[in-house]
Amino acid sequence: MNQENPGNVIEIKNLRMYFPITRGLLRRRVGEIKAVDDVSFAIKKNETLGLVGESGCGKTTTGRCILRLYKPTAGEIRFNGTDISGMNENRLRLFRSNMGAIFQDPYGSLNPRQTARTIVGMPLIVHGMNDKRQQNNRVEELFKLVGLDASMMTRVPHEFSGGQRQRLGIARALACQPALIICDEPVSALDVSIQAQIINLLEELQEKLGLTYLFIAHDLSVVQHISNRVAVMYLGRIIEIANSRELYENPLHPYTKALLSAVPVPNPVIERKRTRTVLKGEVPSPAAPPPGCHFNPRCNLATPDCAESSPELRDTGNGHQVACFKVQA
Amino acid sequence: MLEKTGRDAKPVDLAKWSETAPRYSETKRMISVFAGRPLPVIGFVIIALLILVAIFAPFLAPYPPNQMDIINKLQPPNTTHLLGTDSLGRDTLSRIIYGSRTSLIIGISVIAISSAVGIALGLFAAYFGGVIYHVIMRFMDALMAFPMLLLALLVASLLGAGMKNIIIALGIGMIAAPCRLMCGVVLSVKQNDYVMSARAMGMSNLRLMLQEILPNAFPPLLVMITIGLGAVILAEAGLSFLGIGITPPTATWGGMVNDGYKFVMTSPVLAISPGIAIMLVVFGFNMLGDGLRDALDPKLRGVI
């Protein structure tokens, strides 16, 4: 295996996902939406990478590309050294037990016509655990792991609360003992007290089972809490990636600064003195992104040459990478 | 939660409030939902009676269905002929009883053929999309553009009249409706996160269609199937009228309505009584379908 860094569970290189825009009866291709445009990152074993950005910036698409729910337009997705970006459907099906997925909507991600036992046990059946007793034991074990009572196994999703449903989703994701779990906004549909429970559960499980997470979210404080490193996305590109602490204390990219300045501080004295950077304008359409740096029309540091070429991610030391011409290294 | 208010109120023993609700078996719940309301039960009773009558027709009918008695033709209801006799002196009640056999056999076999094919095609079209979707759905459009009677006429002229050919003709003619409905429902069901989650766990296409999508897409079809049964019974009547249906003298309700309406001014019972039989059975199937839909929906647990 030609792996660059053996400690990485997953390595993404130059990932691109373009969705075609078609028009008319003949489905003529009139353009494309560059949902993910040249994204690269890696996640080490046992690490949590937070992926933040506003709606439509491509963070969910990135997650789905890694899960290979989409076939990426270009780029590499190396899982423990194996490139899965071009893998065919049959090989991929067996491979899928290596990755788990937790979805945003705990109401929509569970089949309303199956019992909790079937839902959690389904990955086991799909991946060939045919012995009923073995299955049952594993499901019971998973229930215990996520803090659900085994007596609830015969219930249907409709009979669970939102938090319990998300626990079911987590149990299902864990069923095949995956190395990597893609959490696609796992807590944004829950209320705050339940969010905390679920996040603590995820952290506990990571410690116990040695899991690796890609944690996609838009809530900055949640991401800060759970992530080791955080990547910020804007319009299909990663614009800054750093240690979680480093990013929150010393954001470099003007977009990250604006994002963080929108987070309220729970201290009235500091909150009153705080200066907010309010971004002007709207996020441009990913079908027609601005030339050069995607952020330049809204950036307060932008100069005309920002619209000429797009900045690459470069290291400013300590693994803090930023894609901006104006930031001094 | 407190039993009494005031100073002597005792706090509730939380240990008693277990997290899990008491469980009933799912079958028991379905039966209680189904049997808990009057209309589904009435529907069930009508259909059960229909089936019993069809099976035991020879014992129930007072006369053989095709026994003619020209001297006593067009009699009004009386004690020897409870629903009177038709223009050939045949006993109307006996013919209705025997007619239930024809209606039931044709109704069930046509619906079985058309829904099985229609559901499978609709599921495939919507699940795979793209070229498969367009080929199947354009074919269904073409099928729908043909009036069903015309299609049945075509098939009958190719194959000839008779029960088997009627079933084939109507079966083909009725494929489009369940196919289109299935397609529409599946298109919406497959957008759900649980379908995506099933794909992410590596489920095969066939299993995904049968285990995740079909059970969630089926309830509207259940209603359509039961309503379709009524429609088939009516369509068979129409075909019989055109002379390409069941060949006389076999008793069919539709044929009896069409025979009887010529005498509607003089002996209305002739047309009305088989008409009522058709109506009752269609109503029965509809109520049964409604009841089944509610009983099979786990989202209604605890609501009904």
Side-chain angles (χ1 to χ4, degrees), chain A residues 25 27 63-64 66-70 89-115 118-119 122-128 148-161 164 169 172-173 175-176 178 181-182 184 189, chain B residues 15 17-30 33 128-131 133-134 138 185 188-220 222 293-304:
Chain A
L25 194 66
R27 328 234 336 121
R64 289 184 182 170
I66 297 173
L67 285 167
R68 271 304 311 274
L69 291 169
Y70 297 146
E89 218 33 70
N90 286 333
R91 278 187 63 202
L92 201 59
R93 268 188 38 218
L94 298 173
F95 190 83
R96 287 188 191 277
S97 64
N98 291 315
M99 285 195 256
I102 303 170
F103 292 87
Q104 170 175 11
D105 181 8
Y107 296 83
S109 64
L110 307 174
N111 188 338
R113 288 184 181 269
Q114 291 174 349
T115 59
T118 315
I119 290 171
M122 194 55 92
L124 302 173
I125 302 170
V126 169
H127 290 286
L148 286 174
D149 198 290
S151 64
M152 298 181 191
M153 286 203 299
T154 50
R155 291 195 190 178
V156 292
H158 167 70
E159 295 173 297
F160 287 95
S161 70
Q164 287 173 327
R172 173 176 61 186
C176 287
I181 292 190
I182 312 284
D184 189 359
Chain B
W17 291 75
S18 131
E19 262 236 65
T20 44
R23 291 289 313 157
Y24 305 103
S25 94
E26 187 64 355
T27 335
K28 269 189 200 159
R29 186 196 66 85
M30 282 179 194
V33 166
F128 289 108
V131 179
Y133 170 87
H134 282 288
R138 292 301 80 78
V185 180
S188 95
V189 166
K190 82 168 187 178
Q191 298 298 325
N192 279 311
D193 270 358
Y194 57 80
V195 174
M196 188 170 278
S197 145
R199 281 221 296 137
M201 72 174 75
M203 202 181 266
S204 65
N205 286 331
L206 193 65
R207 173 173 243 154
L208 219 164
M209 281 194 273
L210 295 181
Q211 280 195 344
E212 305 284 329
I213 294 180
L214 190 59
N216 285 293
F218 200 66
L222 200 62
R293 182 192 51 194
D294 294 343
L296 296 177
D297 190 348
K299 274 183 259 175
L300 292 176
R301 275 189 189 183
V303 178
I304 302 175

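Below, chain A is the first sequence line, B the second, and so on; all start at residue 1. Given the structure is predicted, the values throughout are model-derived calculations rather than measurements.
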Original post:
At a heavy-atom separation under 4.5 Å, does B:Arg207 approach chain A through its side chain, its backbone, both, or neither?
Top reply: side chain
Original post:
Under a 4.5 Å heavy-atom cutoff, which of A:Ala175, A:Ala101, A:Ser109, A:Cys176 has the most pairs with chain B?
Top reply: A:Ser109
Original post:
Looking at residues at least two apart in the chain, or sitting in another chain, which of them share a side chain to side chain donor-acceptor pair (under 3.5 Å) with A:Ser97?
Top reply: none
Original post:
Tell me, side chain or backbone of A:Ile125 under 4.5 Å from chain B's heavy atoms, or both, or neither?
Top reply: both
Original post:
Residues two or more places apart in sequence or in another chain: which of them pass salt bridge (charged side-chain N to carboxylate O under 4.0 Å, His left out) with A:Arg96?
Top reply: A:Glu89
**OP:** State the CE-OH distance between A:Met122 and B:Tyr194, to the nearest 0.5 angstrom.
**Re:** 12.0 Å
**OP:** Measure the spacing between CE of B:Met203 and NE2 of A:His127 and express it to the nearest 0.5 Å.
**Re:** 9.0 Å
Subject >> Approximate separation, where rounding is to 0.5 Å, of B:Gln211 CD and A:Gln114 CD >> reply: 6.5 Å
Subject >> Atom of B:Asp193, atom of A:Phe103 and distance for their closest heavy-atom approach >> reply: OD2-CB, 3.9 Å
Original post:
If you look at every heavy atom in A:Leu69 and B:Ala200, which pair is closest and at what distance?
Top reply: CD2-N, 3.8 Å
Subject >> Heavy atoms of other groups near B:Arg199 CZ, more than 12 under 6.0 Å >> reply: no
**OP:** Drop me the distance from B:Ser197's OG to A:Ile119's CD1, to the nearest 0.5 angstrom.
**Re:** 9.0 Å
**OP:** Return yes when atom CZ of A:Phe95 has more than 12 non-hydrogen atoms of other residues, nucleotides or ligands closer than 6.0 Å, and no otherwise.
**Re:** yes
